[in-house]
Amino acid sequence: MTQPTRIYLDNAATSWPKRESVVNAAIEFIKSCGATAGRGAYGSAQQADRWLSDARRQVAKLIGAADARSIAFTSSGTHSLNAALHGVLEPGDHVVATEIEHNSVLRPLHQLQLNHQISVDFARCDLRGVADWSHAAELIRPNTKLIAIGHASNVTGAIQPLEPWSQLAKKAGKLLLVDASQTIGYVPVHVVELGIDLLAAAGHKGLGALAGTGFLYVSQDLQTDFKSLMTGGTGIQSESIDASITWPQSVEVGNYNLPGIVSMAVAARELCDALSLQPIPWQTHWREMYQRLLVGLASIPGIQIVGSNPTEQTTSTVDHVALISLRVQNWNAHDLAAVLDSTFGIEVRAGYHCAALVHRAIGTVAEGGTLRISPGNSTTAQEIDTLLDALRSIASAEM
Ligand SMILES: Cc1ncc(COP(=O)(O)O)c(C=O)c1O
């Protein structure tokens, strides 16, 4: 039997395929330099330093940060979020997060709470996966240090409007942490205009950099006292075993993943260049694929898009990143994902998607989560149509 062609629709986990320019830049770095940054004084080490500084500049420009030194590189969105939380939280602090958060926010917070270091409250979200900032406002206490909001739900795709969260944090005098792991590269975000104190992101999803990449933006006023998640070699004050590790080494302790960082620099630079064009090419493509998928799904009997038809009364419409969670009548999400893969070569993900709390709100706990389909900037219209045909035949089959 011939293997069906692979159709990758799990870009919310990590984007694939990567752009050639991004892959080539990483290969070029490995072949032509390959030295470590921040340590040696020889030629190729200095070249590595320059790659690193350039990467900070490109990523800072992408998110509107005034100073390139506000960017620290990490290995993932999870690493960035853990570093952010451990960097600013102190015993006795209270945090307001939301039900839409990924486990890389929920679990570190839960762990800190179990260790009796902090307390946490979660603002509820509605059936669309939109978090309620007025509920968050009610949860704020005098000892609240931080408000954490995910820019988009990785289960329903709902993009959270950041202005109200920014206003809430500013008015209450609290720090604002934004998890942009699902939006960076797809949706513009400007840390200065939005008054964001900390922005954590993966580099390997919408931005399109290699796996094993992420970054953390920390505003200047928080950098001096920013605490380290880990300690070890930094290339600075190496004669001392108790040298205080300063920003950004407080996050970047150990050797750098320079091929990954270079790939992120190129991805960020290309995106910044594209932002000056109208219409912005990358932002139109994934939106077109998302719309095509949405319209196609609506025409298939027995398919329900999770979070699209709330019974709650809402007056506002909500924007989405390119991911859709759905149910197919008489099908369990895991079986459906297995059939799509084995019979049609279509790779999508089933389950809770590492977001423990949102399923209570959107009603998908008992059924084992959702089937999540996430096109990206490399997805073609033909791939979407093949998926729709496959779902049509599955949904219409006699059970
Ligand atoms: C909203 C959100 N935050 C954080 C993460 C963690 O990112 P990473 O997979 O790079 O650790 C993810 C990954 O799926 C995510 O969707």
Side-chain angles (χ1 to χ4, degrees), residues 8-16 18 59 63 72-86 97-111 122-123 125 128-131 148-160 162 165 176-187 189 196 198-217 229 251 257 260-261 263-264 267-268 286 306-307 318-325 347-359 361-362 369-370 372-376:
Y8 181 78
L9 291 171
D10 195 17
N11 288 275
T14 196
S15 57
W16 188 86
K18 304 297 183 192
V59 172
I63 60 166
F73 291 111
T74 67
S75 62
S76 60
T78 302
H79 184 181
S80 305
L81 287 158
N82 273 268
L85 296 171
H86 286 268
T98 84
E99 288 180 335
I100 67 137
E101 305 310 318
H102 189 267
N103 284 350
S104 50
V105 172
L106 300 176
R107 287 181 172 174
L109 287 177
H110 183 61
Q111 198 64 44
F122 297 103
C125 72
R128 304 169 302 172
V130 176
I149 176 73
H151 195 186
S153 161
N154 70 321
V155 177
T156 67
I159 298 174
Q160 316 296 317
L162 289 180
W165 292 92
L176 180 65
L177 164 63
V178 173
D179 173 9
S181 294
Q182 282 300 341
T183 50
I184 199 81
Y186 291 133
V187 181
V189 56
I196 295 170
L198 304 115
L199 181 129
H204 59 97
K205 298 180 196 276
L207 194 50
L210 300 188
T213 56
F215 69 88
L216 175 63
Y217 160 83
L229 191 60
V251 172
N257 169 16
I261 290 170
S263 76
M264 216 176 347
W286 69 258
V306 175
V318 61
D319 197 8
H320 287 82
V321 288
L323 75 85
I324 291 179
S325 267
E347 298 173 328
V348 293
R349 186 162 149 196
Y352 295 110
H353 315 296
C354 303
L357 300 186
V358 71
H359 296 276
I362 64 175
T370 68
R372 187 181 74 178
I373 300 167
S374 51

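Values below: every heavy atom of this structure, side chains too, minus hydrogens, waters and symmetry copies. Quick caveat: nothing in here was measured; it's all calculated off a predicted structure. Counting starts at 1 for both ligands and their atoms, in listed order.
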Query raised in the report: Of all the atoms in ligand 1, which lie at a distance below 4.0 Å from a heavy atom belonging to Gln182?
Result: 1 (C), 14 (O), 15 (C), 16 (O)
Requested in this report: Work out whether the distance between some heavy atom of Ser104 and some atom of ligand 1 is less than 4.0 Å.
Outcome: yes
Requested in this report: Specify the protein heavy atom at minimum distance from atom 6 (C) of ligand 1: its residue, its atom name, and the distance to 0.1 Å.
Outcome: Thr78 OG1, 3.5 Å
Report summary line: At under 4.0 Å between heavy atoms, what of Lys205 touches ligand 1? The answer is side chain
Query raised in the report: Is there a donor-acceptor pair under 3.5 Å between the side chain of Gln160 and the backbone N or O of Ala131?
Result: yes
Query raised in the report: Under 3.5 Å between some N or O of ligand 1 and some N or O of Thr213?
Result: no
Query raised in the report: Does ligand 1 have any atom sitting under 4.0 Å from a heavy atom of His204?
Result: yes
**Report entry** Check: Ile100 main-chain N/O paired with Ser153 side-chain donor or acceptor under 3.5 Å
**Finding:** no
Query - From NZ (Lys205) to CG (Asn154), nearest 0.5 Å - result: 7.0 Å
Report task. May I ask you to decide if Arg128's main-chain N or O and Thr156's side chain share a donor-acceptor pair within less than 3.5 Å? Result -> yes
Query - Shortest protein heavy-atom distance from atom 1 (C) of ligand 1, along with the residue and atom involved - result: Asp179 OD2, 3.4 Å
Query raised in the report: So which heavy atom in the protein is nearest atom 8 (P) of ligand 1, and how far is it from that ligand atom?
Result: Gly77 N, 3.5 Å
Report task. Of the side chain and backbone of Asn154, name the one, both, or neither that has a heavy atom under 4.0 Å from an atom of ligand 1. Result -> side chain
Query - Heavy-atom nearest neighbour in the protein, as seen from atom 15 (C) of ligand 1, with distance rounded to 0.1 Å - result: His102 CD2, 3.3 Å
Query raised in the report: For the side chain of His353 and the backbone of Thr370, is there at least one donor-acceptor N/O pair under 3.5 Å apart?
Result: yes
Report summary line: Short version for Ser76: what comes under 4.0 Å of ligand 1, heavy atoms counted, is both
Query raised in the report: What's the spacing between Ile373 CD1 and Asp10 CG if we round to 0.5 Å?
Result: 10.5 Å
Requested in this report: Could you tell me whether a side-chain N or O of Asn103 sits under 3.5 Å from a main-chain N or O of Ala356, the two making a donor and an acceptor?
Outcome: yes
Requested in this report: Number the atoms of ligand 1 from 1 as they appear, then name those within less than 4.0 Å of a heavy atom of Ala202, with their elements.
Outcome: 10 (O)
Query raised in the report: So, does Ser80 use its side chain to make a donor-acceptor pair with the main chain of Gly214 at under 3.5 Å?
Result: no
